[in-house]
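The structure appears below as structure tokens.
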Amino acid sequence: MTRRIFRSILCVSAAVLLASLVITLGVLYGYINVQQKNELRDETMYLAPGVVERGAEYLLQLEDTGKRITLIDRDGTVLYDNEADSQEMENHLQREEVQEALASGEGMASRHSDSLSEPTMYYARLLDNGQILRLSGSEYRMMTVFANLLYPMCAVSLLMILLAAFFAMRASEKIVEPINRLDVEDVKEGDVYEEIAPLVQKIGHQKETITNQVLEAQRQQREFEDMKEQMRREFTANVSHELKTPLTSISGFAEIIKNGFVKPEDIPGFAGKIFEESQRLIVLVNDIIKISQLDEGGIPYDKEEIDIYEMAEEVLDRLEEPAKKRNINLQLLGEHVKIRGVRLILDEVIYNLCDNAVKYNRDNGSVIVRVRRDRRGIQLVVADTGIGISKEHQERVFERFYRVDKSHSKAIGGTGLGLSIVKHGAAFLGAAVNLDSRPDEGTVITLTWKAA
Ligand code: ADP
């Protein structure tokens, strides 16, 4: 920045210097010009009476004045010239200064002299006897003055440029120094000059905004951590509670058998109950493992192209038996559509949706799974004709261990984790979940992969 300011100041100074040099030379030229004219006029006036009285003879006895003197007759004939042979000179009647003098008494002209071959200034005066006295001087004189002036002027200009460079350097350092000195961590308006005060103000505001944003982000992070901690505690409490119930039953049945309170013929019944509770425990523990894996990202991350339609077909095959028991019709519609994802997770998501659609269906009901793709994206829709979910529960069914009817869910082998696995799994696969349900009519859950 210092360099740029330095260069700018120096350029401006040099331009100003050049301009003033040109103007000075112009003024000087004008001044010398006027001086020369005046000199010619004064000398002509001085010589005029002598010429009127004694004619060319008077001019002949004059000493060299450094000027060319010409006496011209009224008809233009050159009567006398101190620097050329008047006999050989052509008629001067048409000369500009002569014409002017004849018309107005005096005439002035500047041109290249044919006789002397140099730029010349002429002054002609009409004398009382009708003749014209003309004095002329070389304009080389003016050039000589300029040439003599040139050397000192160049020297002065150089000196001025050096001075300008020195002051430009000082000025640019002075401009930049407070900016470099600026402590952006602790900006004070008093530290800088007036012109950069707005910049300092802006930095101050910016800093304030950033500090506030950082504080806000830290607050949100803390809130998020607290919420996560709270959820973890709730989850642990819920898991313990969920595990405790079947374990208590298993332990109770086993204790009764161990103490010999059960008749031998009742033992298979008790063993059956222990088996059932253990099965429930296995399902529960498996679900807990899945949800924990989704949470921690512990699932092997092997992405591949998966045909959703084929996968839904496999899932419905697995559910055929429980569906048959309650005469629930399973239907798969749509087309073969592929997505890129993790097979295990997509299987869990589709299975939990279809499993719920069967579990919470009524006897003789139906489940329709549809896979489709349109310009908006890919959709997997699982619709059932089951018990439905009322409005107030719809938001909460995706929470862990949340069940609309706890005893009913437990009775049909629910863990309260299915939809939570769906929510996390869908998020992992990049799909949005939408629930549409009406009590006693049925539920439609849609997964949507938006088109890019
Ligand atoms: P669960 O293991 O109890 O089925 P989920 O997380 O899968 O747990 O579901 C949470 C609750 O949402 C269920 O207990 C049930 O009350 C309700 N629910 C889920 N799917 C359906 C459905 N298709 N129809 C009606 N209710 C459903």
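Both counts, for ligands and for their atoms, begin at 1 and track the order of listing.
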Considering only non-hydrogen protein atoms, determine which one is nearest to [atom] and report residue, atom name and distance to 0.1 Å.
atom	result
atom 6 (O) of ligand 1	Leu419 N, 2.8 Å
atom 4 (O) of ligand 1	Tyr360 OH, 2.7 Å
atom 23 (N) of ligand 1	Asp384 OD2, 3.0 Å

Go through ligand 1 atom by atom and flag the ones less than 4.0 Å from a non-hydrogen atom of [X].
X	value
Tyr402	10 (C), 11 (C)
Ser409	1 (P), 3 (O), 14 (O)
Gly416	1 (P), 2 (O), 3 (O), 6 (O), 8 (O)
Arg403	3 (O), 14 (O)

Selected option - heavy-atom contact closest to [atom], from [options]:
atom	options	answer
atom 16 (O) of ligand 1	Val404, Thr443, Thr415	Val404
atom 18 (N) of ligand 1	Asn361, Ile389, Leu284, Asp287	Ile389
atom 20 (N) of ligand 1	Val397, Asn356, Asn352	Asn356

**Request:** Flag Gly414 as yes when one of its N or O atoms lies below 3.5 Å from any N or O atom of ligand 1, and as no otherwise.
**Result:** no

**Asked** Going by atom types alone, do Gln35 and Glu39 pair a side-chain donor with an acceptor below 3.5 Å?
**Response** no

**Message:** Assess, by modelled atom type and distance only, whether the side chains of Asn327 and Asp363 contain a donor and an acceptor separated by less than 3.5 Å.
**Reply:** no

**Prompt:** Ion pair present between Glu223 and Arg219, side-chain N to carboxylate O less than 4.0 angstrom?
**Reply:** yes

**Asked** Closest heavy-atom contact between Lys338 and Arg373?
**Response** O-NH2, 4.0 Å

**Residue pair Tyr360 / Ile412: nearest heavy atoms and the distance that separates them** = CE2-CD1, 3.5 Å

**Asked** Just one of Thr443, Asn329, Thr385 clears the side-chain hydrogen bond (donor to acceptor under 3.5 Å, both in side chains) bar with Asn361, so which one?
**Response** Thr385

**Prompt:** When rounded to the nearest 0.5 angstrom, what is the spacing between CG in Asp355 and CD1 in Ile350?
**Reply:** 13.0 Å

**Message:** Tell me whether ligand 1 is touched by Lys359 - counting only heavy atoms on the residue side and a distance under 4.0 Å.
**Reply:** yes

**Request:** Among Phe261, Phe275, Phe253, find the one that has a ring pair (Phe, Tyr, Trp, His ring centres under 6.0 Å) with Phe270.
**Result:** Phe253

